[in-house]
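Everything numeric in this text was worked out from a predicted model, so none of it was measured.
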Amino acid sequence: MRRWSLAGQMLVLQLLVVAVTVAGLAVLALWQAGEMLTDEASGTAEAVALSVAASPDLLAALDEPHPSARLQPFAERVRARTHVDFITIMKQDGTRYTHPNPAQIGKRFIGHTEPALAGRTFTETYTGTLGASRRAVTPVISGGKVRALVSAGITIDRISARKLDALLWGGLVVALALSLGAAGTWLVTVRLRRQTHGLGPVELGRIHDHHDAVLHAVREGLLLVGADGTLTLCNDAARQLLGLPGDAEGRHVGELGLPDVPAGEERIHLTGDRVLAVNAAASRFGTVVTVRDHTELQALTGQLDAERGFAESLRSAAHEAANRLHTVITLVELGRTEQAVALGTAELRAAQELTDRVVGAVREPVLAALLLGKSAEAAERGGELVISQDSELDDLGLDPRDLVTIVGNLIDNAIDAATRVEVRLGADERGVVITVADDGPGLADPHAFEKGWTTKGDGHGLGLALVGQAVRRLGGTIEVAGSLFTVRLPVPERAR
């Protein structure tokens, strides 16, 4: 059996709450209305009785031989104007002078009179000739003595009729309030059902658990950025990859130093020790940003670039060797054997000297191969790469991949900007020293080692940014003075 949806449960609960609340308020309001009507009847009766007792006509009539003849019409006129049910004027002993029913005149008043005889006005509920009523009794005082008593009252039936009217109007208000409450609750329920897709609490809880488990289990970083640039969601992988603080959610991405990636694009972002691929996609909740760690991939790409560079260097060397061999063969065919031998010997000696110098000076084989390859590449591009005569670098245990990244990218940028590049590798008491100088215009931009900087102006520069990242990762420093780049790297403890 299908369980009730969350929206359905909320509808029933809210209807019960509205019904109980409105019913409680209605009962309280009707009770208060009944009390107010009773108090109002008491106040009206007391005011009428006091007014009649203070009338000069009443005192004048009491001095006549037959007071009833004058007082009865007077009392009925006042009763009609004030809308009370009876006005009874009586002697001190309770004998009536007036009554709405003339047959009751001369008979004894039914009710209490003792407080009034003592000179005090009071109210009570009592059953008399007209039935139960709310009445007031007050003395008529003349010359300091009680000359007569006046009682005015409103029947309980009349008060009950007014309470019934109030009850009917209250019932109408309650029905209207219940209708409005039910309509509002139904509208809220429809919206809630649309937002929860008709799912119940158990299903919603299960979906939340699955969502939370997937969000924190995926290795890719996931962020949700609102339209105003506020970070509304990030998973554990994103916090780790981007180094986000614990209170990152709710803060603006500008405060967190996050990359600004337009929706639909993917860009490379460098942190202190990582190369991250950041992709942004628009959604109805904002911008969904995924972050993937490309550090290992970038390292492998760097190695592949190095291998490709070596292959290109070999191709360049083979091309140059083929040109020289062709020249030597041509000289032999022309009968100039001595010139052919001299040319071949000079080329062989130059190549061997470069190889011997590089291999003898640089004990790290990967770095030595890189320098030989870049030398051939520079020559093919019409430039010159010079390895300083005083270069000497032992294998000190530094990561060859980082060395290839640093030296290779510095040489590539120098070759792009100049025709002659000089490289020096060495060590001093502070560690490894790598210098790359060229005859180009130099570099003065302080943002050169940030991702995206390039002299080509296309915003996709990555080489110098990778150099800066590798230097920071090894705990070193890099200095730029015009066209001279100086990198200092500390030697690992195990190599000292």
Assess the residue pair L58 and V140 against the criterion (side-chain contact (heavy atoms from CB on, under 4.5 Å)); give the C-alpha distance rounded to whole Å, side-chain angles, the decisive distance to 0.1 Å, and a yes or no.
CA-CA 9 Å; L58 186 150; V140 179; 3.5 Å; yes
Minimum heavy-atom separation for [X] and [Y], please, with both atom names.
{"X": "A53", "Y": "P139", "answer": "CB-O, 3.8 Å"}
{"X": "T435", "Y": "T486", "answer": "CG2-OG1, 3.8 Å"}
{"X": "R108", "Y": "R96", "answer": "O-NH2, 3.0 Å"}
{"X": "T232", "Y": "V225", "answer": "OG1-N, 4.4 Å"}
{"X": "L474", "Y": "L489", "answer": "CD1-CD1, 3.9 Å"}
{"X": "V150", "Y": "A49", "answer": "CG1-O, 3.9 Å"}

Taking only Lys NZ, Arg NE, NH1 and NH2, and the carboxylate oxygens of Asp or Glu, determine whether R135 and D85 approach each other closer than 4.0 Å.
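The answer is no: the pair does not qualify as a salt bridge.
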N-O pairing of R134 and E46 below 4.0 Å
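The answer is no: the pair does not qualify as a salt bridge.
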With a 4.5 Å heavy-atom cut-off, do [X] and [Y] have their side chains touching?
{"X": "L117", "Y": "Q92", "result": "yes"}
{"X": "V471", "Y": "D402", "result": "no"}
{"X": "T44", "Y": "H83", "result": "no"}
{"X": "R251", "Y": "P245", "result": "yes"}
{"X": "L242", "Y": "V291", "result": "yes"}

Using only heavy-atom distances, determine whether the side chains of [X] and [Y] contain a donor-acceptor pair under 3.5 Å.
{"X": "T138", "Y": "T121", "value": "yes"}
{"X": "T230", "Y": "D228", "value": "yes"}
{"X": "R488", "Y": "T477", "value": "no"}

Intermediate values then yes/no, side-chain contact (heavy atoms from CB on, under 4.5 Å), Y97 and Q72:
CA-CA 7 Å; Y97 288 128; Q72 175 69 5; over 6 Å; no
CG/D63 to OG/S142 distance, rounded to the nearest 0.5 angstrom?
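Taking CG in D63 and OG in S142, the distance rounds to 7.5 Å.
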What's the spacing between S283 OG and L224 CG if we round to 0.5 Å?
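One finds 5.5 Å between OG of S283 and CG of L224.
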Under the 3.5 angstrom rule, does the side chain of S55 hit a backbone N or O of S51 as a donor-acceptor pair?
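Between the backbone of S51 and the side chain of S55 there is no qualifying donor-acceptor contact (under 3.5 Å).
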Using modelled atom types only, decide if a donor and an acceptor are shared between the side chain of T123 and the backbone of S42 within a distance under 3.5 Å.
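No; judged by distance alone, with no hydrogens or angles, the pair does not exist.
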side-chain contact (heavy atoms from CB on, under 4.5 Å) between L244 and L223: does it pass, once the steps are laid out?
CA-CA 11 Å; L244 297 178; L223 305 98; 4.0 Å; yes
Below 6.0 angstrom between ring centroids: does that apply to H99 and F86?
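No.
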